[in-house]
Amino acid sequence: MKRLIALAVMVAAILPARADEGMWLPALISQRIADMQAKGLQLTAEDLYSVNHASLKDAIVLFGGGCTGEVVSDQGLLLTNHHCGYSYIQRHSSVEHDYLKDGFWAMNQAQELPNPGLTVRFLERMDNVTEAVLEGITDALSEEEKASLISQRCDAIRQQAEDPAQGLVAQVSALYYGNQYFLYVFRQFRDVRLVGAPPSSIGKFGGETDNWMWPRHTGDFSIFRIYAAPDGTPADYSPENVPYRPKKSFEISRAGVQEGDFTFVYGCPGSTREYIHSAEVDYVATVSDPERIALRDQRLGIMKKYMTGNQAVRIQYSSKYASVANAWKKWQGEAKGIVKMQTVARKQAYEARFAEWAQGTRYEGLTERLATLYAAWVPYQRTYEYFLETVNSVELPAFAGRLSRNLDKREAVAEAFFKDYYQPIDEEIFEAMLTAFFDEVPDTFQPAFFKEQLVQHGSVHAWREWLYANSCLTDPARVAALESLEQLQQDPAYQFYDAYIQCFSRDIYPVLSSLDDEIEGLYHDYMQGQMDFEPDKAFYPDANLTLRIAYGHVEGYRPCDAVYYQPVSTLRGIMEKDNPDIFDYNIPQVLRDLYAQGGYEDQPVCFLATNHTTGGNSGSPVLNARGQLIGINFDRVWEGTMSDIVFDPEVCRNISLDIRYLLFVVEKVGGAGYLLDEMHFTN
Ligand code: ARG
Ligand code: ASP
């Protein structure tokens with residue numbers, strides 16, 4: 001027996017601990033640090049987050065509105081994903097300089113390209129302000145009074161912390177459904193320049209085919225630089241600005257990763273819903289995901305049909321296609337994962353236990369009330385999603401709506417629209433989506449105008465032909481000649497737009513948003529109830545695009561019976577996929593030539609780890625036990641995409657670019673090895 005126990009202890013010590021669910025608050029990381037250290041971390045809580053001296057948080061930014069980036073030199077050099085820099089790279093691209101296709105490499109600082117509108121923000125500090133926000137808020141107040149007081153207090157706290165001259169911006173965010181509030185103070189920079197990007201055949205290698213998948217070989221990175229006024233304060237773009245000297249930058253480790261190595265991801269996850277009621281999970285897995293997938297199947301099929309074999313259309317629709325396909329593929333993995341995990345049944349069992357425990361407490365009846373609210377919510381939410389995926393995905397009416405709001409800028413709005421518009425695609429999408437809309441949306445929610453048009457024209461097809469033949473908005477010259485809003489309002493594309501917006505804002509939105517508010521209100525209590533019900537469990541707050549730490553280790557997984565995925569991919573795998581006839585797998589010739597020289601077969605490209613991440617974590621630094629940069633996070637595996645709702649340690653994996661592949665591409669493909677001179681390497 002004794003020997004058995006000794007064996008068990010030994011095995012436990014050798015085997016990596018199970019994957020770690022959770023996205024933890026940096027300011028409270030001292031609560032997790034013992035666990036992190038037990039699993040391999042060699043740093044202290046103060047090394048990760050400190051307001052008194054430079055810590056790792058000072059090298060991390062929220063990049064633009066929804067990605068993460070990390071500083072890797074004392075000259076403000078910044079790394080993020082290619083897909084995070086994509087729209088900026090695109091804006092600098094033209095037929096003569098197609099940086100998307102060919103890549104871009106500044107050969108000195110003077111060649112770096114400014115990006116108006118792009119900002120990055122560093123977290124200066126985060127403070128728990130719950131007491132100040134909730135003081136005197138009691139159940140004697142009505143829900144509206146509570147909400148208005150809370151919002152006034154949050155505004156006041158935020159304003160007090162802001163200092164525009166120093167670039168200090170602040171926000172107060174609710175955590176745990178408003179059971180806690182944190183003030184976040186950021187220093188925001190607004191002169192951020194593009195330094196380098198690989199060709200898309202590296203930065204987006206694998207395209208939609210490999211997206212959300214392993215084995216993966218995407219060189220998903222781009223490089224920027226933060227500039228500041230000569231005194232170091234944030235400033236608008238100016239040639240006088242100088243590279244920003246950060247408080248901290250990451251050291252880069254070239255030692256590589258081994259299965260089992262401790263890693264952590266420090267970034268800005270956007271949104272998760274881990275504590276919701278079974279009714280919502282059921283809706284997501286059995287209604288929302290499958291229906292939206294089916295609608296997008298149709299749209300993607302239509303786009304693809306016209307993109308194939310027509311280069312101009314492919315360029316026009318590649319970014320639209322990518323964003324439709326990204327969620328479409330994720331939802332497939334998510335729905336499957338929820339079903340496989342039996343999350344609905346498990347949550348129902350949990351809710352039954354909770355309800356029993358809650359008897360006689362202030363939480364009594366909560367789960368039942370949530371279930372009742374959800375029953376009322378589902379038809380409205382479903383209709384809302386149908387509107388979004390069908391009528392709202394037709395491009396011409398949406399263009400009419402934009403024009404009506406920006407008539408004075410109609411030429412610019414029209415130019416942006418027509419650059420990426422191909423009418424045959426839009427017409428076919430109109431017909432397919434409107435057909436689905438009439439079939440699936442309950443009659444009471446359909447705009448009367450739509451029904452009249454259908455009767456008048458006899459079929460969706462005839463309506464489509466009439467609309468596109470009679471709208472003047474399909475013609476740039478006629479858009480430019482528009483004389484007044486009244487004239488625009490006579491256009492059939494505008495009337496279509498107006499009919500659904502009116503119907504939506506009158507018949508659907510008010511009910512849906514009041515149900516949403518009621519549900520969120522109950523979650524305030526249900527969240528606290530769950531914490532009281534399981535006082536020994538560590539609850540991490542749902543993601544909300546604020547800085548978090550997730551930790552785990554490098555590990556492969558079993559996607560299905562008889563298959564084990566190794567956690568590291570190499571250049572050899574890129575060559576295996578290489579195929580000049582397949583757009584997603586057609587690599588640049590220079591990579592083939594390099595490979596032919598020999599010696600690069602084992603060049604690492606991507607790796608898997610068990611860190612709990614989500615959208616927004618793209619571009620996040622992936623760090624080793626000593627806090628050195630070993631990779632850049634950019635995706636998750638398909639079988640684990642339900643992790644926004646339920647985390648399965650068996651299959652939830654984040655996918656990172658191995659930092660050594662970035663160095664290889666910068667040096668050998670980009671010929672921009674001079675950039676490595678300002679980075680700090682540990683080995
Ligand atoms: N799946 C990754 C993330 O959600 C990358 C998305 C960009 N790449 C693409 N092929 N669409 O969001
Ligand atoms: N690709 C995602 C992003 O863009 C990351 C993820 O969802 O895992 O943030």
Side-chain angles (χ1 to χ4, degrees), residues 19 21 23 60-70 79-90 100 197-198 200-214 216-222 265-273 296 299-300 303-304 307 314 317-334 337 543-548 550 552 577 582-585 606-622 631-645 647-648 651-657:
E21 174 177 354
M23 306 167 167
I60 302 164
V61 296
L62 176 68
F63 179 91
C67 279
T68 307
E70 54 276 0
L79 307 181
T80 188
N81 289 147
H82 186 262
H83 78 263
C84 296
Y86 200 77
S87 61
Y88 306 100
I89 307 166
Q90 180 182 28
L100 275 183
S200 292
S201 51
I202 289 178
K204 209 180 172 231
F205 178 77
E208 300 314 318
T209 317
D210 284 7
N211 192 21
W212 300 110
M213 307 276 269
W214 188 258
R216 189 65 160 276
H217 299 89
T218 312
D220 199 344
F221 75 90
S222 56
V265 174
Y266 206 156
C268 310
S271 168
T272 58
R273 286 177 75 67
R296 288 192 176 204
R299 276 161 75 197
L300 290 167
M303 287 195 246
K304 182 151 224 155
M307 288 163 77
R314 204 196 65 231
Y317 278 75
S318 63
S319 175
K320 295 177 195 177
Y321 189 93
S323 73
V324 176
N326 193 41
W328 164 82
K329 197 160 180 184
K330 180 190 157 181
W331 292 330
Q332 296 176 42
E334 179 176 82
N544 60 352
L545 210 57
T546 60
L547 207 53
R548 300 293 176 90
K577 287 178 180 172
I582 300 177
F583 181 77
D584 285 346
Y585 291 141
C606 297
F607 65 90
L608 292 176
T610 62
N611 302 294
H612 189 182
T613 56
T614 187
N617 268 123
S618 275
S620 299
V622 184
I632 306 178
N633 185 70
F634 70 94
D635 210 1
R636 278 171 286 163
V637 300
W638 196 66
E639 296 82 357
T641 46
M642 68 298 193
S643 65
D644 295 347
I645 292 175
F647 188 89
D648 179 1
V651 295
C652 287
R653 299 288 178 272
N654 65 309
I655 306 179
S656 306
L657 167 78

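Atoms within a ligand are numbered from 1 in the order they appear, just like the ligands themselves. Computed from heavy atoms alone, side chains included, the values below leave out hydrogens, waters and symmetry copies.
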**Prompt:** Is the F205 ring parallel, tilted or perpendicular to the Y585 ring (thresholds 30°, 60°)?
**Reply:** tilted
**Passing candidate, side-chain hydrogen bond (donor to acceptor under 3.5 Å, both in side chains) with D644, options H612, R273, R636** =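 Considering H612, R273, R636, a side-chain hydrogen bond (donor to acceptor under 3.5 Å, both in side chains) with D644 is found only for R636.
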Check: [X] side chain, [Y] main-chain N or O, donor-acceptor pair, under 3.5 Å:
X	Y	answer
N81	D220	yes
D635	I655	no
T68	G616	yes

**Request:** Using a strict cut-off of less than 4.0 Å between a Lys/Arg side-chain nitrogen and an Asp/Glu carboxylate oxygen, indicate whether D584 and K577 qualify as a salt bridge.
**Result:**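 Between K577 and D584 there is no salt bridge, as every charged N stays at least 4.0 Å from the carboxylate O atoms.
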**Message:** Taking D210 first and then K204, would you say they form a salt bridge - that is, a charged N and a carboxylate O separated by under 4.0 Å?
**Reply:** no
**Message:** Within 45 degrees of the ring normal and closer than 6.0 Å to the centroid, is that where the cationic atom of R548 sits relative to Y266?
**Reply:**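 Checked: cation-pi criterion not met.
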**Message:** Quick one, N617 with N654, criterion side-chain contact (heavy atoms from CB on, under 4.5 Å). Give me CA distance, side-chain angles, the key distance, then yes/no.
**Reply:** CA-CA 10 Å; N617 268 123; N654 65 309; over 6 Å; no
**Fill in**
Those residues with a heavy-atom separation under 4.0 Å from ligand 1 are H83, K204, G207, E208, N211, W212, A322, N326, F634, D635
**Item:** Neighbouring residues of ligand 2, heavy-atom cut-off under 4.0 Å
**Value:**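 Those residues closer than 4.0 Å to ligand 2 by some heavy atom are H83, W212, T614, G615, G616, N617, S618, F634, D635, R636.
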